[in-house]
Amino acid sequence: MPKMKSNRGAAKTFRVTGSGKIKRNKAYKSHILTSKSRKRKRNLRKSTLVSKADSKRIKVLIQQ
C-alpha cells in the first residue's frame with residue numbers, strides 16, 4: 001500500500017508546536033479592512049492555537 005499523502009493546504013496553514021499543539025492564523029484579515037478598528041486588525045495579526053475538538057482532525061490531515 002502506498003504512503004498516505006498529507007493535505008498540502010492544511011500543511012501550509014497549520015504548524016505544530018514543540019509540545020504538540022497546533023498553531024493557526026486568525027481569519028478576517030484579508031479585505032474590507034477600512035471598517036475594522038485598528039485594535040481589531042492588530043489582534044488579528046497574532047496567531048492562536050486550534051481548539052482541542054478540531055486538533056485531532058487536523059493532525060490526520062497534516063500527518064503528525
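- No more than 12 heavy atoms of other residues, nucleotides or ligands sit less than 6.0 Å from atom CZ of Arg40.
- Under the side-chain contact (heavy atoms from CB on, under 4.5 Å) rule, Ile22 has a single partner from Asp54, Leu49, Thr17, Val50, which is Val50.
- To the nearest 0.5 Å, atoms NZ (Lys56) and CG (Leu61) are separated by 15.0 Å.
- Under the 3.5 Å distance criterion, the side-chain polar atoms of Lys41 are matched with a main-chain donor or acceptor of Leu33.
- For the residue pair Lys26 and Asn43, the shortest heavy atom distance occurs at NZ-O, 3.2 Å.
- One distance of note links CZ of Phe14 with OG of Ser55; it measures 10.5 Å at 0.5 Å rounding.
- Residue Lys36 holds its NZ atom at 9.0 Å from OH of Tyr28, rounded to the nearest 0.5 Å.
- Going from atom NZ of Lys52 over to atom NZ of Lys21 covers 10.0 Å, rounded to the nearest 0.5 Å.
- Side chain of Lys59 to backbone of Gly20: a donor-acceptor contact under 3.5 angstrom is found.
- Closest heavy-atom contact between Lys5 and Gln63: O-NE2, 3.9 Å.
- The local environment of NZ in Lys23 is sparse, with at most 12 non-hydrogen atoms from other residues, nucleotides or ligands closer than 6.0 Å.
- Partners of Thr13 by side-chain hydrogen bond (donor to acceptor under 3.5 Å, both in side chains), not counting sequence neighbours: none found.
- Using a 4.5 Å cut-off on side-chain heavy atoms (C-beta onward), Asn7 and Ile62 make no contact.
- If you take OG on Ser51 and CD1 on Ile58, they are separated by 7.0 Å, rounding to the nearest 0.5 Å.
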